[in-house]
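To keep things clear, I will list the structure first and then write my remarks on it.
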Number of protein chains: 2
Amino acid sequence: MSNPLLLEEQLCFPFYAISREITKRYRPLLEPLGLTYPQYLVMLVLWEQDQQSLKAVGERLHLDSGTLTPLLKKLEASGLVERVKNPVDERHIQITLTANGQALRNEAEQIPLALKELLGVSDEDMELVKQTLNRLTIKMNGTD
Amino acid sequence: MSNPLLLEEQLCFPFYAISREITKRYRPLLEPLGLTYPQYLVMLVLWEQDQQSLKAVGERLHLDSGTLTPLLKKLEASGLVERVKNPVDERHIQITLTANGQALRNEAEQIPLALKELLGVSDEDMELVKQTLNRLTIKMNGTD
DNA sequence: CTTTTATAGATTGTATACAATCTAATTGTA
DNA sequence: TACAATTAGATTGTATACAATCTATAAAAG
């Protein structure tokens, strides 16, 4: 019987390695926009739907305030978002895009295509991977 | 045409999210061993082949000295490895398992199975994912 | 045999992740 | 209505990641 502790036998490692590899390839594309990869994800969420609470953004990205509070403060310092308390419920803060934050969307629009070419992955592989991962995500969430 | 900036359209996000989710599920399994997830990966590499240089370990895990030096110092402080200069070429350090480090392997052996059950993923899905990711990794490395 | 170049690790600085705890605001309830 | 329980964020502390730089050593070039 084969060694269950071989690195290549672990399901975990490919995810860990590929995730970091992809992040690394985003870097040169995001640098001109002044964004890191997690900051880019937050902007994606806000471009879809402006004026969300930290909690809502966090649920979308599976990140908590420990990660998001400093990250959002950086985006605020960059002039891309504003953080204001919700007057209806002062426990919530509303994250709102500034004009600059909205404008950045135009520059970001070219990134998905540029990344696809940088990764050199075919449309079919892309689709296969996406479906496989979605199945896995659903199953994993089911065991929460 | 659909919005190319939708979070769900990004190839990157599922990898990012699943990778972190898997790491999180390892935590309770690794805590009794006193290991973090990246530390566990380093131990896997050393259990396969003892007495490797930092560089060799790093190539296997795609990590550089900036990450590995402090991590290995922690493993050394935990009494699991030793770091000694290679007398033949003093630029290299050899990472060697201590008796405790070798013994920990026995306790680690149950982890892969425990994790599979924790993830609740079937063998078929596991195999499908592994194959899909391997294909993707190969293609991505091809564009380095 | 010097001088240059390359290499392996260590260090520094920035940016996540995330558990654990704290604080303020809101809700539920006796 | 007081008051306990909940909730959203902020904070603290630890552990990665990784680019950039530094240092010591070895190899290559002249």
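Just so it is clear: chains get the letters A, B, ... in the order the sequence lines come, proteins before strands, and each one is counted from 1. Quick caveat: nothing in here was measured; it's all calculated off a predicted structure.
- B:R60 has a carboxylate O that lies under 4.0 Å from a charged side-chain N of B:E48, or vice versa, which qualifies the two as a salt bridge.
- Both A:R20 and A:R91 sit near DNA chain D, but only A:R91 has its closest nucleotide nearer the 5' end.
- In this structure, the CG atom of B:D89 is 8 Å from the C1' atom of C:dA8, given to the nearest Å.
- Base contact: B:T67 has a heavy atom under 4.0 Å from a base atom.
- A salt bridge links B:D123 and B:K116; the closest N-O separation between the charged side-chain nitrogens and carboxylate oxygens is under 4.0 Å.
- Within 4.0 Å (heavy atoms only), A:S53 reaches sugar-phosphate atoms of the nucleic acid but no base atom.
- Annotation: of the two residues near DNA chain C, B:G66 and A:T36, the 5′-most nearest-nucleotide partner is B:G66.
- For the side chain to side chain donor-acceptor pair (under 3.5 Å) test with B:R105, the passing option among B:E107, B:Q102, B:E109 is B:E109; the others fail.
- With salt bridges taken as basic N to acidic carboxylate O contacts below 4.0 Å, one links B:E59 and B:K55.
- No side-chain heavy atom of A:T69 sits less than 4.5 Å from a side-chain heavy atom of A:D64.
- Within 4.0 Å (heavy atoms only), A:V57 reaches no atom of the nucleic acid at all.
- Ring geometry for B:H62 against A:F13 counts as parallel: the plane angle stays under 30°, on a 0 to 90° scale with 60° as the upper cut.
- Across all strands, A:K85 comes closer than 4.0 Å to no nucleic acid atom at all (heavy-atom distances).
- Where A:A56 and A:T23 meet DNA chain D, the nucleotide closest to each residue was compared, and A:A56 sits on the side nearer the 5' end.
- In terms of position along DNA chain C, the nucleotide closest to A:P70 lies nearer the 5' end than the nucleotide closest to the other residue of the pair B:E31 and A:P70.
- Running 5' to 3' along DNA chain D, contacts with non-hydrogen atoms of chain B at under 4.0 Å begin and end at D:dA15 to D:dA26.
- As a whole-Å value, the separation of B:D64 CG from C:dT7 P is 16 Å.
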